[in-house]
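Only this structure's heavy atoms are used, side chains among them; waters, hydrogens and symmetry mates stay out.
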Amino acid sequence: MLFRSELWQLAPRKLIAAGKAGDKGLLDDPVLAGSFDPGTYEALFYVGDFYRGAGVTRTRKPWQAAHIFTVGISPSFTPWRRPCDLGTR
């Protein structure tokens, strides 16, 4: 089961990449290998769909539709790469 994810630039609001993460939990899109301009970005991970599709149920509250991570890149940013893995371990 793969989960949907999106990366958005916030100002101006622009979709950078979208799709389903691969087996390693990463979105395989060539644009993500490039550099990003300074600014604010949001990564959305549709984990509710992922867990419902995997047959995981909750008794008290339904799954949150998406987890949203907001990050800022300053003009003096030193590039680094941190994969985000949302597996069912």
Side-chain angles (χ1 to χ4, degrees):
M1 179 75 191
L2 306 176
F3 64 91
R4 283 188 313 125
S5 57
E6 299 173 352
L7 178 64
W8 289 85
Q9 179 179 348
L10 295 186
R13 186 140 177 96
K14 175 182 159 187
L15 180 64
I16 303 293
K20 290 194 176 195
D23 294 334
K24 293 182 179 180
L26 301 173
L27 181 60
D28 186 20
D29 189 314
V31 74
L32 298 176
S35 60
F36 292 87
D37 293 331
T40 306
Y41 297 84
E42 276 187 350
L44 284 78
F45 300 96
Y46 292 92
V47 295
D49 294 344
F50 174 80
Y51 285 115
R52 278 189 296 277
V56 178
T57 58
R58 297 194 61 173
T59 56
R60 288 195 252 161
K61 295 188 324 188
W63 289 106
Q64 180 178 354
H67 286 271
I68 302 170
F69 296 91
T70 305
V71 296
I73 299 175
S74 73
S76 60
F77 175 71
T78 302
W80 63 282
R81 183 172 171 93
R82 171 76 181 153
C84 184
D85 181 6
L86 281 176
T88 55
R89 295 179 217 156

### Query
How many angstroms lie between atom CG of L15 and atom CD of Q9, to the nearest 0.5 angstrom?
10.5 Å
### Approximate separation, where rounding is to 0.5 Å, of F45 CZ and R4 CZ
12.5 Å
### Task
Would you name the heavy atoms of P38 and S74 that are closest together and state the gap between them?
CB-C, 4.0 Å
#### Entry: Any residue meeting side-chain hydrogen bond (donor to acceptor under 3.5 Å, both in side chains) with Y41, in chain and number order, not counting sequence neighbours
none
Please check if [X] and [Y] belong to a single hydrophobic cluster, counting links between Ile, Leu, Val, Met, Phe, Trp and Tyr side chain heavy atoms closer than 4.5 Å.
X   : Y   : value
L32 : I73 : yes
F69 : L10 : no
Y46 : W8  : yes

## Note on the structure
Which of I16, D29, V31 passes side chain to side chain contact (heavy atoms under 4.5 Å, CB included) with L7? It is I16
